[in-house]
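One structure is given here, and the rest of the page talks about it.
Below, each value reflects all heavy atoms present in this structure, side chains not excepted, and no hydrogens, waters or symmetry copies. Note on naming: letters A, B, ... go to the chains in the order of the sequence lines (proteins, then strands), and numbering restarts at 1 for each one. As the structure is a prediction and not an experimental result, all values here were calculated from the model.
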Amino acid sequence: MKEANTMLLEFESRSQNESFARTVIAAFAASLDPTIEELADIKTAVSEAVTNCIIHGYADNIGIIAMRCSICGNELTVEIEDKGVGIENVEKAMEPLYTSRPELERSGMGFSFMEAFMDDLEVESEPGRGTLVRMKKRLGKPDPLKEYAKETALKGQ
Amino acid sequence: MQNSKNHGRNNNTAGEEDTVYEISQRCLIIRLGKELDHHNAIGIREKADKYIERYHVMHIIFDFSRAEFMDSAGIGVVLGRYRKVYFIGGRIAVASVGTVIDRVLRLSGLYKIVEKYDSVEIALNKLQKA
């Protein structure tokens, strides 16, 4: 039987909620029995998306960030949405090392990290309306290194 | 290490106030707390820069032995400090990096400009010999 679950969390765009959002997603994903690496990947991706809402979407004003999560089988979907300024040019924003706010010492790696740590990343944005980031990760994929270790261990027996 | 007792408490500032700064000759050692994200990056950046100016810091060592989480904001902190010291010939080292943090550092390409050592002591040795 496929496991299924959903949840919605809304919180204010305050920077202390970055760690709050990470804690919540970690707890929600726990039923998928993630590895330490998988959990770190998910937390990092969520942290990047939430930070983007705070710094860029609401540009240091306080607004509401919505985090919608769902589990279907071994797949986790996370949507993080703000009703902030939106992104004029999504393609440009997603370029590695691009940042619109270098004065904040932003490394310009937020979207790159989301892409690298999750299996799927979609960004929908409209200037003046807000931004929605949808990320998916399939858990429990065989880790090539661990599989190799298992195989060699079996051969040794 | 005075602050390391606060660990069990569930406070949101687990990164910034937990961070300990030490000066050894012209080396600044930044002993990071549990989490390095945008929220506590702001405080760490400010405090580190005060130390850099006051003590004419040349080299910086980031001690990750207590760190469990870092995102791209942490990369910004390391990169920003690098920019502060590199024109006076300073170097940046990271020490006691666990697997989770190591993945983030590797992915960012930061190892091209930052040296990695097993411990702060080894890093200090290498940096102060030069």
Side-chain angles (χ1 to χ4, degrees), chain A residues 11-27 34-58 60 65 94 96-99 101-118 143 145-146, chain B residues 6-7 9-18 32-49 52 60 64 67-84 92 97-114:
Chain A
F11 52 92
E12 285 188 327
S13 60
R14 299 180 191 277
S15 65
Q16 62 264 43
N17 285 334
E18 291 158 10
S19 68
F20 174 62
R22 290 197 299 270
T23 309
V24 171
I25 192 66
T35 63
I36 293 171
E37 281 80 20
E38 286 170 335
L39 206 54
D41 289 352
I42 297 164
K43 281 166 78 177
T44 309
V46 164
S47 197
E48 301 295 350
V50 169
T51 305
N52 274 352
C53 299
I54 294 171
I55 301 181
H56 302 288
Y58 294 116
D60 304 318
I65 299 170
M94 290 178 74
L97 304 181
Y98 172 80
T99 178
R101 301 195 67 182
E103 79 280 8
L104 292 178
E105 269 187 5
R106 300 299 297 160
S107 59
M109 289 176 190
F111 278 125
S112 307
F113 276 18
M114 288 181 236
E115 250 176 336
F117 289 133
M118 302 296 272
D143 181 336
L145 268 180
K146 273 186 198 150
Chain B
N6 292 338
H7 265 179
R9 225 176 295 156
N10 185 16
N11 56 351
N12 279 325
T13 50
E16 181 198 343
E17 288 175 7
D18 231 17
L32 298 161
K34 240 176 157 176
E35 305 204 302
L36 180 46
D37 62 3
H38 156 254
H39 175 65
N40 37 49
I42 307 163
I44 293 170
R45 198 196 312 161
E46 275 174 20
K47 213 149 186 194
D49 286 352
I52 292 170
I60 302 172
F64 280 96
E68 290 167 16
F69 178 84
M70 179 173 83
D71 62 15
S72 72
I75 302 297
V77 170
V78 178
L79 211 56
R81 292 328 107 226
Y82 173 75
R83 291 200 181 108
K84 293 246 157 192
I92 305 276
V97 179
T99 48
V100 167
I101 309 273
D102 188 57
R103 295 180 77 203
V104 176
L105 286 172
R106 253 188 298 149
L107 194 71
S108 70
L110 215 59
Y111 283 137
K112 283 178 197 137
I113 54 165
V114 163

Part of [X] lying under 4.5 Å from any heavy atom of chain B:
X       : result
A:Leu97 : neither
A:Arg22 : side chain
A:Ser47 : both
A:Leu39 : neither

With sequence neighbours excluded, tell me which residues meet ring pair (Phe, Tyr, Trp, His ring centres under 6.0 Å) with B:Phe64.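 Not a single residue meets the ring pair (Phe, Tyr, Trp, His ring centres under 6.0 Å) criterion with B:Phe64.
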Got a sec, which residues hit salt bridge (charged side-chain N to carboxylate O under 4.0 Å, His left out) with B:Lys47, two or more places apart in sequence or on another chain?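 B:Lys47: no salt bridge (charged side-chain N to carboxylate O under 4.0 Å, His left out) contacts found.
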Out of B:Val78, B:Thr99, B:Val104, which one racks up the most heavy-atom pairs below 4.5 Å with chain A?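 Option with the greatest count: B:Val104.
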Hey, is CD1 on B:Ile113 packed in by over 12 heavy atoms from elsewhere, all under 6.0 Å?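 Check passes, neighbour count above 12.
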Chain B: which of A:Ile55, A:Ile36, A:Val50, A:Ile54 shares the most heavy-atom pairs with it under 4.5 Å?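 It is A:Ile55.
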May I ask you to test the B:His39-A:Asn17 pair for a side-chain heavy-atom distance under 4.5 Å?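 In short, these two side chains do not touch, never coming nearer than 4.5 Å.
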Taking the side chain from B:Asp71 and the backbone from B:Asp37, do they hold a donor-acceptor pair closer than 3.5 Å?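 Pair absent, no side-chain N/O of B:Asp71 close to backbone of B:Asp37.
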Between B:Arg83 and chain A, which part of the residue has a heavy atom less than 4.5 Å away: side chain, backbone, both or neither?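 Nothing of B:Arg83, per the 4.5 Å heavy-atom cut-off to chain A.
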Residue pair A:Cys53, A:Ser13: steps toward the side chain to side chain contact (heavy atoms under 4.5 Å, CB included) verdict: CA-CA 7 Å; A:Cys53 299; A:Ser13 60; 5.7 Å; no
